Amino acid sequence: MTPPDNGVSVTTLKGVGTALSLKLERLGIHTVQDLLLHLPLRYQDRTRVVPVGSLRSGDEALIEGTVRAADIAQGRRRSLMCRIQDGSGSLTLRFFHFRAAQKNSFQPSTRLLCFGEARPGPGGLEMVHPEYKLLKGDGPAVMSEQLTPVYPLTEGLTQGRIRSLITLALEWMRDQGLKDLLPDTLLQQWKLPSLPDSLEYLHNPPVDADQSLLLDGKHPAQRRLAMEELLAHHLSLQKARERVQQQGAPALKATGAFSRPFLAGLPFELTGAQLRVAREVARDLQQPLPMLRLVQGDVGSGKTVVAALAALQAVENGLQAAVMAPTEILAEQHHINFSHWLEPLGIRVAWLAGKVKGKAREAQLEAIRSGEAQIVVGTHALFQEEVRFADLGVVVIDEQHRFGVHQRLSLKEKGRNGERSPHQLIMTATPIPRTLTMSAYADLDCSIIDELPPGRTPVQTVVVADSRRDQVVERVRQACDEGRQAYWVCTLIEESEALQCEAAEVTAERLKEALPQLRIGLVHGRMKPAEKADIMARFKAAELDLLVATTVIEVGVDVPNASLMIIENPERLGLAQLHQLRGRVGRGSVESYCVLMYHAPLSKQGRERLGVMRETTDGFRIAEKDLELRGPGEVLGTRQTGMMQFRIADLQRDADLLPRIHQVALELKTEPALNDALIRRWLGTGDMYAQV
Ligand code: ADP
Ligand code: MG
């Protein structure tokens, strides 16, 4: 592997070999600088021991106690259970993966120091797979003096390992210096700390640091980095747009030869919003310049029809269209729709996904190459080298936020034919307030489908405390008894996918115990795609009653019979994400419900936010409220909803920086070298936008 040219490779750090650098690569870390910019998700307070008796479910804490007993529980899943107590109460440590030696080390009266999240178990609070240390002698346990950072991880990388790597990177920074690219005058004017100071602080905050400010991403050290990152993206998008404007595209006439019979064959009329957006797209496609248009439309607003119309305009001009979705399940759904709609019109729709193999694959590839396949539907498999289009006129990308901008551009590259570049239509269901779209997509024009097809019954949302879990479980039983299906979504503070999957496994086990009569399936991010697809297919075929899932998995499959969704700890998610999840129910004709099962106590902001979910199902109103309401401490565990992959910035949180960034970008126009250095620092080797 050639080291990226934007800095010193991580392999220069002591102890970083090929195996480790491959793992780091999965986190987007190539250089020492990338490592420095890999900021903690949050911090743990291990500076004090918390009495066991004062723990509430959901608390993450350091506890110290004495072992009472350790046993292996047989149950559905074998686990090692160790009961410990301090003067104030007792708690169970539970291990699903353990060694015999571990059980033996938990001899009665052994003292343990543990750190973990307290959760309700069958016999009171428990910590599943806590970190722990056996304490020798009678002296007090040694505690940390600073807040402990918790970093995003990847498989095979532990918090301990990444913490020590970051320590090395900070030493490197102190020795070598990291150049501050922002002009001094700017930092002074904005009252922002220097780059090295910011990084030192964020990786090792003092005990008295304002944790809620940090969690909220509003600390000056974070603001400084966010501002620099947003600036880099802005400069890069500006460059990309300038380049695109220099390219030509096929001017596609809207002849109506296919679109007219297509519309006539649909069992419904388009909504006013669909018609308006379809017209905007059709107008762009007639231009000899590449269209770069983003269509935002709430879940269920009918974006697929708009995509089909764009694809048909290419076909009407003898060109091909590619339609891509982020998962095999979603792509398959599009393939079914497109074939069903368009094959009667004599249009050949090809299908390409990872699971299309051997002869079938060859045949599809050949049809794409020869142009016989007029429309090609698929997953990211369409990006592969071997896929060659005869003449690609339009690219449609669904649910853009799951593809990187980089991939989007690589597909566009495929369609390049001399100086001509295909038109691009990007569709997303993630509503973004209008004020932000300009900056988030400085390279795109925007259309909004702001109307749902008639006849939908809005999902009824209820907000309940998890102390009423039994009632919620009963509600699931009732719904399934009546022949409906339900989703149960597990959330967890997202430092590691592994932990999240584990939590979902535990929840699924508990639900199986509580609801033995139901057929319960589990999907999470760590399952193999085939396994996931199989469970989803069984749910769709109503062979499963209840689907337990983590939030990272795509539950975008249309299952109209699923009319109940339970979301655990919704207070941990952003409103936009809750809205997305909730959109999975309410797709059929029966009344649907969403139960937001929070963990008390809720902050005032938290109450207000869940209240918004109860009051409205309008994605744009929700997005605007989200922006308005975000307060300290509320972003815990929230994933970024931005389409672009930001390391630090969050378009909603940092929205107030955007106007200033436009201003600064203008001021820096005269310094191309500085612009390039900024872009390289933040966008790395794959300065995706520059490759347009
Ligand atoms: P999304 O915007 O979430 O991708 P889809 O395109 O999947 O939405 O549409 C959701 C459902 O609504 C589909 O079953 C589709 O056939 C149907 N639909 C789309 N447009 C209309 C319309 N104008 N009237 C009635 N139903 C529609
Ligand atoms: Mg869709």
Side-chain angles (χ1 to χ4, degrees), residues 259-260 262-281 293-312 321-344 349 375 377-379 395-403 425-432 446-459 536 540 553-563 565 576-590 592 617-620 622-623 641 643:
S259 61
R260 230 173 283 131
F262 162 64
L263 289 174
L266 286 178
F268 49 76
E269 299 280 318
L270 296 200
T271 61
Q274 281 172 314
L275 278 174
R276 175 172 45 76
V277 172
R279 255 186 244 121
E280 284 165 0
V281 172
R293 186 169 287 278
L294 173 75
V295 171
Q296 293 186 59
D298 219 336
V299 180
S301 62
K303 293 183 289 296
T304 320
V305 173
V306 173
L309 286 169
L312 287 176
V323 179
M324 188 169 45
T327 65
E328 210 146 282
I329 301 164
L330 287 175
E332 198 156 18
Q333 206 156 269
H334 280 325
H335 178 236
I336 292 167
N337 277 328
F338 275 70
S339 312
H340 174 75
W341 286 334
L342 307 179
E343 282 179 349
V349 181
I375 294 181
V377 182
T379 56
V395 174
V396 179
I397 300 185
D398 197 9
E399 307 292 349
Q400 141 81 358
H401 56 293
R402 302 187 120 250
F403 289 111
L425 180 65
I426 292 128
M427 306 198 296
T428 177
T430 309
I432 321 161
C446 260
S447 297
I448 301 183
I449 307 185
D450 51 5
E451 185 185 347
L452 287 183
R456 301 268 164 88
T457 31
V459 180
M536 291 305 304
K540 192 167 175 157
I553 66 111
E554 178 63 56
V555 279
V557 191
D558 217 356
V559 184
N561 190 44
S563 61
M565 173 174 283
Q577 201 180 355
L578 283 174
H579 179 66
Q580 285 289 305
L581 285 168
R582 183 171 62 179
R584 303 304 161 209
V585 289
R587 300 196 151 212
S589 50
V590 295
S592 291
T617 50
D618 176 338
F620 286 92
I622 288 173
T641 49
M643 318 295 115

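On a predicted model such as this, the values are computed, not experimentally measured, just so you know. Atoms within a ligand are numbered from 1 in the order they appear, just like the ligands themselves. Sequence positions, counted from 1, serve as the residue numbers for this chain.
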N/O to N/O below 3.5 Å, does that happen between G302 and ligand 1? yes
Is there a donor-acceptor pair under 3.5 Å between the side chain of R276 and the backbone N or O of I448? yes
Please check if a non-hydrogen protein atom sits closer than 4.0 Å to atom 21 (C) of ligand 1. yes
K303/D298 ion pair, N-O < 4.0 Å: no
For Q333, is the nearest heavy atom under 4.0 Å from an atom of ligand 1? no
My understanding is that only one of V396, L425, D398 makes a side-chain contact (heavy atoms from CB on, under 4.5 Å) with V323; could you say which? V396
Per-atom filter on ligand 1: closer than 4.0 angstrom to a heavy atom of T271 are 23 (N)
Just checking, is any N or O donor in the side chain of S447 or E280 under 3.5 Å from an acceptor N or O on the other one? yes
Can G297 be said to touch ligand 1, with heavy atoms closer than 4.0 Å? no
Of all the atoms in ligand 1, which lie at a distance below 4.0 Å from a heavy atom belonging to S301? 2 (O), 8 (O)
Check: G586 main-chain N/O paired with S592 side-chain donor or acceptor under 3.5 Å: yes
Ignoring angles and geometry beyond distance, decide whether W341 reaches within less than 3.5 Å of ligand 1 through its nitrogen or oxygen atoms. no
Given that the side chain starts at C-beta and the backbone is N, CA, C, O, which of these parts of E269 lies under 4.0 Å from ligand 1, counting heavy atoms, or is it both or neither? backbone
Under 4.5 Å between any side-chain heavy atoms of Q296 and C446, yes or no? yes
Would you kindly specify which portion of D298 sits under 4.0 Å from ligand 1, judged on non-hydrogen atoms: side chain, backbone, both or neither? backbone
Looking at every heavy atom in both P344 and S339, which two are closest together, and how far apart are they? CD-O, 3.6 Å
Going by a strict under-4.0 Å cutoff (protein heavy atoms only), does atom 14 (O) of ligand 1 have a neighbour on the protein? no
In this structure, atom 3 (O) of ligand 1 is nearest to the protein heavy atom G300 N, 2.6 Å
On a heavy-atom basis, I'd like to know which of T304, N337, L275 is closest to atom 7 (O) of ligand 1. T304
Do me a favour and list the nearest non-hydrogen protein atom to atom 16 (O) of ligand 1 with residue, atom name and distance? F268 CE2, 3.6 Å
Could you identify the single nearest non-hydrogen protein atom to atom 12 (O) of ligand 1 and state the distance to 0.1 Å? R456 NH2, 2.7 Å
Is there a polar contact, in the sense of an N or O pair closer than 3.5 Å, between L270 and ligand 1? no
Mind checking whether F338 and H334 have parallel, tilted or perpendicular rings, split at 30° and 60°? perpendicular
More than 12 heavy atoms of other residues, nucleotides or ligands under 6.0 Å from CD of E269: yes or no? no
Under 3.5 Å, side chain of E343 to main-chain N/O of H340, donor-acceptor pair present? no
If you have a sec, work out which protein heavy atom is nearest atom 2 (O) of ligand 1 and how many Å separate them, to one decimal? K303 NZ, 2.8 Å
